[in-house]
Amino acid sequence: MNTTSCEVKPSATERCGCYTISDLAKEFEVTPRALRLYEESGLLEPQRDGQKRIYSERDRVRLRLIIRGKRIGCSLAEVKELFDMYDSSPGESGQIKRLLEKLDERRQALELQRSELALSLADIEQIEQRALETLRELENKGH
DNA sequence: CTTCTTACA
DNA sequence: TGTAAGAA
């Protein structure tokens with residue numbers, strides 16, 4: 001029975017807190033390439049089954065954090081710095097302070113970008129208004 | 001077919 | 001990061 005559906009093929013890594021590189025890549029919508037890069041960068045350290053990488057639940061949690069960090073604008077090196085601090089001193093205020101620093105840096109960068117965007121938008125509107133005005137003048141002459 | 005490594009863009 | 005190539 002059941003030869004064409006469901007999970008009838010748990011090779012050895014199903015719901016035991018283990019994932020293949022493609023499992024995680026699919027779940028987080030990243031390519032396996034990215035996961036290998038994060039490993040090279042020292043952010044992930046999956047176990048091995050021969051050559052195959054076996055990711056644990058912890059790796060999965062970390063991957064989520066890596067992606068969040070990147071979204072915030074952290075480099076892989078910065079994420080690693082945070083990870084290393086957490087690994088060496090879990091629950092210490094130092095790591096939280098550094099995280100706060102990163103967030104502050106990011107906030108400043110984003111606010112700067114925001115003001116620059118505001119200037120660009122203002123320029124666009126100004127040019128737009130002048131162009132519209134010129135267009136109206138042209139149309140009046142024509143008529 | 002899936003994953004791995006290495007190299008190049 | 002993507003993609004390609006060759007091996008496992």
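Order of the sequence lines fixes the chain letters, A, B, ..., with proteins taken first and strands second; residue numbering starts at 1 for each chain.
Residues satisfying the side-chain hydrogen bond (donor to acceptor under 3.5 Å, both in side chains) criterion with A:Asp123, sequence neighbours excluded, are absent altogether. The salt bridge (Lys or Arg N to Asp or Glu O under 4.0 Å) check on A:Lys80 picks up A:Asp84, with sequence neighbours excluded. Residues passing the side-chain hydrogen bond (donor to acceptor under 3.5 Å, both in side chains) test with A:Ser89, sequence neighbours excluded: A:Glu92. Residues passing the side-chain hydrogen bond (donor to acceptor under 3.5 Å, both in side chains) test with A:Arg107, sequence neighbours excluded: A:Asp104. For A:Arg36, the side-chain hydrogen bond (donor to acceptor under 3.5 Å, both in side chains) test picks out no residue, with sequence neighbours left out.
For DNA chain B, the residues of residues 26-50 of chain A within the heavy-atom distance limit of 4.0 Å (strictly under) are A:Arg33, A:Arg36, A:Arg48, sorted by number.
Side-chain heavy-atom separations under 4.5 angstrom define the hydrophobic clusters, and A:Leu117 shares its cluster with no other residue. Hydrophobic clustering, defined by side-chain heavy atoms of Ile, Leu, Val, Met, Phe, Trp and Tyr closer than 4.5 Å, groups A:Ile72 together with A:Leu82, A:Met85, A:Ile96, A:Leu99, A:Leu100, A:Leu103.
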Check residues 40-51 of chain A and write down every donor-acceptor pair under 3.5 Å in which the side-chain atom is one partner and the other belongs to a residue at least two apart or another chain.
unit_1, atom_1, unit_2, atom_2, d
A:Ser41, OG, A:Leu37, O, 3.0
A:Arg48, NH1, A:Gln51, O, 2.7
A:Arg48, NH2, A:Glu39, OE2, 3.4

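Every pair tested for side-chain hydrogen bond (donor to acceptor under 3.5 Å, both in side chains) that includes a residue from residues 128-141 of chain A fails, sequence neighbours excluded, so the list is empty.
In this structure, the side chains of A:Phe83 and A:Ile66 come closer than 4.5 Å at one or more pairs of heavy atoms.
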| said: Can you give me the dot-bracket string for DNA chain B, 5' to 3', counting Watson-Crick and G-U wobble pairs with both distances under 3.5 Å, using [ ] for crossing pairs and | for partners on another strand? | reply: .||||||||
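Between A:Thr20 and B:dT3, a side-chain N or O to OP1/OP2 separation shorter than 4.0 Å is present.
We find that OH of A:Tyr55 is positioned 10 Å from C1' of B:dT3, with the value rounded to whole Å.
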Collect all protein-nucleotide pairs involving nucleotides 4-8 of chain C in which both atoms are nitrogen or oxygen and the distance is under 3.5 Å.
none

